[in-house]
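As structure tokens, the structure follows; a few thoughts come after it.
Only this structure's heavy atoms are used, side chains among them; waters, hydrogens and symmetry mates stay out. Chain letters run A, B, ... following the sequence lines, proteins first and then strands; every chain starts at 1.
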2 protein chains.
Amino acid sequence: MASPTVENYLKALYALANEDDEVNISDLSIHLKVSKPTVNSMVKTLNQQDWVNYERYKPIVLTRKGRKAAALILRKHRLTEMYLVEKMGFGWEEVHEIAEQIEHVKAPALFDRMDKLMDFPKVDPHGSPIPDKDGNIIDQNYKKLSECKVGDQVVLLALTHSSKDFLEFLDSREISLKLELEIKAIEPFDSSMLISYYNHPSETLSQKVCDRLLVQKS
Amino acid sequence: MASPTVENYLKALYALANEDDEVNISDLSIHLKVSKPTVNSMVKTLNQQDWVNYERYKPIVLTRKGRKAAALILRKHRLTEMYLVEKMGFGWEEVHEIAEQIEHVKAPALFDRMDKLMDFPKVDPHGSPIPDKDGNIIDQNYKKLSECKVGDQVVLLALTHSSKDFLEFLDSREISLKLELEIKAIEPFDSSMLISYYNHPSETLSQKVCDRLLVQKS
DNA sequence: ATATAGTGTTAGATTAGTCTAACAAAATTC
DNA sequence: GAATTTTGTTAGACTAATCTAACACTATAT
């Protein structure tokens with residue numbers, strides 16, 4: 001089986017492939033906070049072990065095997081996050097660091113049990129989909145709030161990024177998943193939005209924030 | 001902080017010191033399933049980092065720092081085992097392997113939360129005491145069943161060993177903690193015991209089994 | 001009290017994962 | 001298209017944790 005280090009490379013490759021479409025050595029180096037030569041030599045190893053396809057100076061691409069492995073680690077991560085929130089009472093901003101560690105635990109029964117105790121949740125506490133046991137993931141075709149128009153009434157269903165800072169910002173405005181909100185106005189100068197929701201008749205959100213909120217028309 | 005490997009050495013030293021009183025290189029080598037030279041070099045490192053006191057050809061002794069660290073790992077292990085049984089419905093024979101991994105997770109909040117959700121349990125699913133947050137452990141002065149006399153009425157409160165095989169054996173006889181039992185007879189030839197308990201008017205337990213059952217007069 | 005068995009040590013090698021320094025290739029910009 | 005910046009590679013070294021082979025010390029037993 002893959003070491004935690006290898007698992008982290010696979011996870012990073014999987015995540016980066018969904019942002020940019022071509023993943024290179026530098027991207028991984030920044031994301032994993034290791035030097036480029038380190039990534040270079042590790043990627044050669046991953047290639048030999050059929051986790052990725054790689055040729056010198058070319059982008060790095062996960063193999064089918066690598067993609068499945070990455071999705072199953074993500075499954076463990078997201079099940080854990082959801083369990084920590086749902087069953088242990090942690091806040092959505094506290095669970096990432098803990099799940100980063102527990103995702104490497106080799107004990108299928110543990111994650112199956114979490115899954116069952118939560119009645120097979122489909123998303124994690126940040127609205128991201130939980131891959132199934134085969135590593136398949138449902139594509140949520142949500143829209144960014146920043147792409148909506150004045151007058152739109154939408155429900156917040158997921159976040160594109162879940163940094164602690166961002167989550168604490170949302171907490172401070174009482175913004176959580178399932179929140180229904182309406183776009184009152186869009187400031188042409190900086191694309192910030194004036195929105196209204198339960199107990200908050202008028203809040204301003206910067207474009208950066210609106211870019212990270214995924215919504216659906218309600 | 002200590003690596004998982006170092007943590008496993010400390011845990012082994014702590015456990016072995018409670019069985020034999022002098023712990024040597026060979027003991028550790030067998031217990032940790034690594035070669036003696038490996039232990040030898042690791043113990044030198046542990047000595048330099050003040051986890052143990054060690055001089056060539058002498059027994060290995062945990063320092064105060066090492067003993068506290070070991071007890072805190074044991075605390076995480078036992079809290080996890082209890083949580084898995086109490087809150088997640090695992091059997092007492094399933095939890096050791098999972099706890100072996102989770103005990104290395106660096107997330108005090110996780111273990112504090114388990115502790116709180118279980119209302120601060122004092123023992124794990126096998127009756128072993130859970131060290132407190134300072135690494136102090138209460139000494140249970142239980143007696144081995146094998147040391148009891150015919151006619152004694154006792155409660156089973158803990159086990160000295162918790163291998164999967166042994167736990168499955170106990171399950172097969174419907175023997176669990178808190179069970180009240182009476183010693184009907186002791187076979188002089190092999191010291192096996194004839195005992196009686198709820199729904200089992202007469203079961204025979206070998207001396208090996210009776211040695212591993214810790215009881216108190218009821 | 002010496003032979004033997006058990007225990008401990010040294011030396012040297014290996015693997016995984018990391019680094020820096022220096023250079024090479026590719027991409028971008030002027 | 002030449003210069004510059006970014007990206008990638010090679011070479012060489014380091015640390016943690018492990019191994020085997022060979023030898024040394026200690027304890028046990030006749």
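The backbone N or O of B:N24 sits less than 3.5 Å from a side-chain atom of B:D27, completing a donor-acceptor pair. Of the possible polar contacts, none joining the A:R78 side chain to the A:P131 backbone as a donor-acceptor pair under 3.5 Å is found. Within the 3.5 Å criterion, the main-chain N or O of B:L117 finds a donor-acceptor partner in the side chain of B:K87.
In this structure, A:I30 places its CD1 atom 10 Å from C1' of D:dT7, rounding to the nearest Å. Summarising the geometry, the separation between CG on A:L28 and P on D:dT9 is reported as 12 Å, rounded to the nearest angstrom. Atom NZ in A:K44 sits roughly 7 Å away from atom P in D:dT9 (whole-Å rounding). Whole-Å rounding puts the B:N24 CG to C:dG6 P distance at 14 Å. If you measure from atom CG of B:L10 to atom C1' of D:dA17, you get 15 Å, rounded to the nearest angstrom.
When the nucleotides D:dT9, D:dT18, C:dT10 are ranked by their closest atom to the side chain of A:I25, D:dT9 comes out on top. Comparing D:dG8, C:dT9, D:dA17 by their nearest atom to the side chain of B:S3 picks out D:dA17.
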Could you list, one pair per line, each protein nitrogen or oxygen that sits under 3.5 Å from a nitrogen or oxygen of nucleotides 19-21 of chain D, together with the distance?
residue, atom, partner, partner atom, Å
D:dC19, OP2, B:S35, N, 2.8
D:dC19, OP2, B:S35, OG, 3.0
D:dC19, OP2, B:T38, OG1, 2.6

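Relative to the ring axis of A:F90, B:R113 places its NZ or CZ within 45° and under 6.0 Å from the centre.
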_From CA spacing to verdict: side-chain contact (heavy atoms from CB on, under 4.5 Å), A:Y14, A:L10_ = CA-CA 6 Å; A:Y14 190 91; A:L10 298 179; over 6 Å; no

*Apply side-chain contact (heavy atoms from CB on, under 4.5 Å) to the pair B:K116 and B:D112, showing each step before the final yes or no.*
CA-CA 6 Å; B:K116 191 175 174 189; B:D112 288 349; over 6 Å; no

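Judged as a side-chain hydrogen bond (donor to acceptor under 3.5 Å, both in side chains), the pairs with a partner in residues 163-172 of chain B (not counting sequence neighbours) are, in order, B:W92-B:D171.
Scanning all heavy atoms of the two residues, the minimum distance from A:V154 to A:L145 falls at CG2-CD1, 4.1 Å.
At a non-hydrogen distance threshold of 4.0 Å, A:Y54, A:R56, A:Y57 from residues 50-63 of chain A come into contact with DNA chain D.
Positionally, the nearest nucleotide of DNA chain C for B:N40 lies more toward the 5' end than for the other of B:N40 and A:M42.
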